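Here the structure is laid out as structure tokens; the discussion comes afterwards.
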Number of protein chains: 2
Amino acid sequence: METNAVNPGEQVGRQARILEAVLDLLSRHGISGVNMRAVAREAGVALGLVNYYYEDKSSLIRAALHRMDQHDLMLVAPDPESPPDEQLRKALRRVAAPELLTTRYLSLRLHLWALAQAHEDFALINAAAFERYLEGLTTLISNAKPELSRDECRERASDIVVVQNGMWLTALLGADKPSIQRCLIRTEQIAFAPAERTSKGLSVGP
Amino acid sequence: METNAVNPGEQVGRQARILEAVLDLLSRHGISGVNMRAVAREAGVALGLVNYYYEDKSSLIRAALHRMDQHDLMLVAPDPESPPDEQLRKALRRVAAPELLTTRYLSLRLHLWALAQAHEDFALINAAAFERYLEGLTTLISNAKPELSRDECRERASDIVVVQNGMWLTALLGADKPSIQRCLIRTEQIAFAPAERTSKGLSVGP
DNA sequence: GCGGGGTTTGAACAAGTGTTCAAGACCTCG
DNA sequence: CGAGGTCTTGAACACTTGTTCAAACCCCGC
């Protein structure tokens with residue numbers, strides 16, 4: 001039943017290799033580059049095996065989506081080790097970490113968003129993941145700034161997500177590193193701003 | 001040579017109808033939904049005619065890209081009627097106007113970005129358009145705030161574009177209207193912030 | 001009328017697509 | 001060894017895809 005360690009050594013499980021191949025192809029060539037034969041070739045596996053593990057092509061995409069979502073969710077996972085405000089700060093910095101600003105990751109995100117936009121069922125999966133991410137970020141803020149109401153926290157989380165999405169997208173398109181970093185600071189300002197008026201309250205001038 | 005007014009009345013030129021069909025299909029179903037037959041059907045035209053006006057499928061996509069870019073560029077076009085700061089404010093507001101926050105427009109943008117990510121030649125077109133947009137915004141800022149150096153203006157333009165990209169993307173995914181509006185205000189704050197330190201200078205606390 | 005140009009059509013072709021399936025390979029337990 | 005299960009293969013199928021092309025159509029000046 002469970003995945004067996006067939007060959008000794010470098011065998012990592014064909015199913016996992018297949019999913020990995022999908023992610024690779026999707027990030028490099030977009031959805032048009034993802035077809036069963038290319039996936040099989042990239043995974044070093046026979047054509048039939050792809051349909052053995054994933055009954056559909058759309059199952060394949062769904063698997064890719066779920067895997068990406070789960071990865072994204074870890075960005076705002078609570079970490080019992082650090083104090084709350086440190087957790088929040090770390091979470092915010094993670095999205096601008098060089099490890100995440102890879103073309104592979106960002107491109108994958110972009111293509112999955114595009115897919116979600118085109119197909120109803122993918123959209124649902126994506127929307128749910130988005131909501132979980134937002135909820136996770138809201139909780140982090142709430143922990144770090146207990147004086148804020150839940151609604152205020154969620155408002156800030158929404159604002160931050162907008163900027164983060166912009167950072168991801170712009171990193172992919174223009175790759176102006178410094179402006180990404182400046183926007184990272186902006187997310188921290190939103191998160192840690194003093195209580196009072198949160199919507200318009202970022203004081204601009206004297 | 002030039003497009004003739006063949007039939008009287010509602011004929012708008014087959015070539016234009018074909019391009020329109022591409023934009024429609026792309027925004028609704030993504031690149032997988034764009035094939036010569038579907039385009040012909042959507043445009044109410046025979047299959048062969050698509051290849052008569054556009055020699056390639058990629059010529060079709062290129063045409064869609066150019067048309068979108070040209071539209072985007074108009075968002076930051078200078079408007080001799082208004083005073084400089086009004087021009088800037090209008091340009092910033094345009095990107096959050098309900099007319100632009102349509103699913104059709106945003107979805108189109110997303111799919112074109114995804115295409116640009118997947119194909120080198122589309123990427124070049126896109127990058128050039130991005131640069132022109134950035135330059136246009138920089139000029140608007142420079143006109144509105146002549147006391148800033150060109151570099152400072154471009155820095156602000158970069159920051160604004162990040163947030164704008166985030167607004168577009170988030171409008172498409174989550175559609176949390178209020179946070180979009182709050183981020184619009186944020187772009188205005190970036191644009192009109194007083195001179196001094198522009199990078200970290202958005203004062204957060206007392 | 002009659003050519004002659006631009007335009008429009010849809011059949012035809014070759015290549016590529018997702019999916020199925022019978023056959024084989026492999027491993028485990030009796 | 002051999003039965004029985006899971007895994008793996010690649011040929012085969014039906015269908016879609018981009019592109020080509022000969023034929024038809026339309027309109028205008030002659």
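These figures come from a predicted structure and were not determined experimentally. Numbered from 1 within each chain, the chains take letters A, B, ... in sequence-line order.
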Asp176(A) versus Ser158(B), side-chain donor and acceptor atoms under 3.5 Å: yes

Roughly how many Å is it from CZ in Arg17(A) to C1' in dC7(D), rounded to a whole number? 13 Å

Using atom CG of Asn51(B) as one end and atom P of dT8(C) as the other, report the distance to the nearest whole Å. 14 Å

Let me know the distance between CD1 of Ile18(B) and P of dT9(C), rounded to the nearest Å. 9 Å

Atom-pair distance (CG on Leu49(B); C1' on dG18(D)), nearest Å: 16 Å

Nearest whole Å is fine: how far is dT17(C) P from His29(A) NE2? 13 Å

Which nucleotide wins on minimum distance to the side chain of Val45(A), given the candidates dT9(D), dT20(D), dG18(C)? dT9(D)

Leu47(A) vs Val50(B), nearer the 5' end of DNA chain C by closest nucleotide: Val50(B)

What's the NZ-C1' distance between Lys57(B) and dG18(D), to the nearest Å? 8 Å

Is Tyr54(B) close to Val22(B) at the side-chain level, that is, under 4.5 Å between some pair of heavy atoms? no

Check if the side chain of Arg37(A) and the base of dG16(C) share a donor-acceptor pair of N or O atoms closer than 3.5 Å. no

Indicate the atoms forming the closest heavy-atom contact of Val76(A) with Leu140(A), along with that distance. O-CD1, 3.8 Å

Would you kindly check if the NZ (Lys) or CZ (Arg) of Arg89(B) is within the cone defined by 45 degrees around the ring axis of Phe192(B) and under 6.0 Å from the six-membered ring centre? yes

Can you measure Ile31(B) atom CD1 to dT17(D) atom C1' for me and round it to whole angstrom units? 13 Å

Specify the separation, in whole Å, of atom OH of Tyr54(B) and atom P of dT7(C). 13 Å

Report yes or no: do Thr139(A) and Arg150(A) form a side-chain donor-acceptor pair below 3.5 Å? yes

Report yes if at least one side-chain N or O of Arg14(B) is closer than 4.0 Å to OP1 or OP2 of dT8(C); otherwise report no. yes

Side-chain N or O of Tyr52(B) less than 4.0 angstrom from OP1 or OP2 on dT7(C)? yes

Residue whose closest nucleotide on DNA chain D lies nearer the 5' end, Tyr53(A) versus Asn35(B): Tyr53(A)

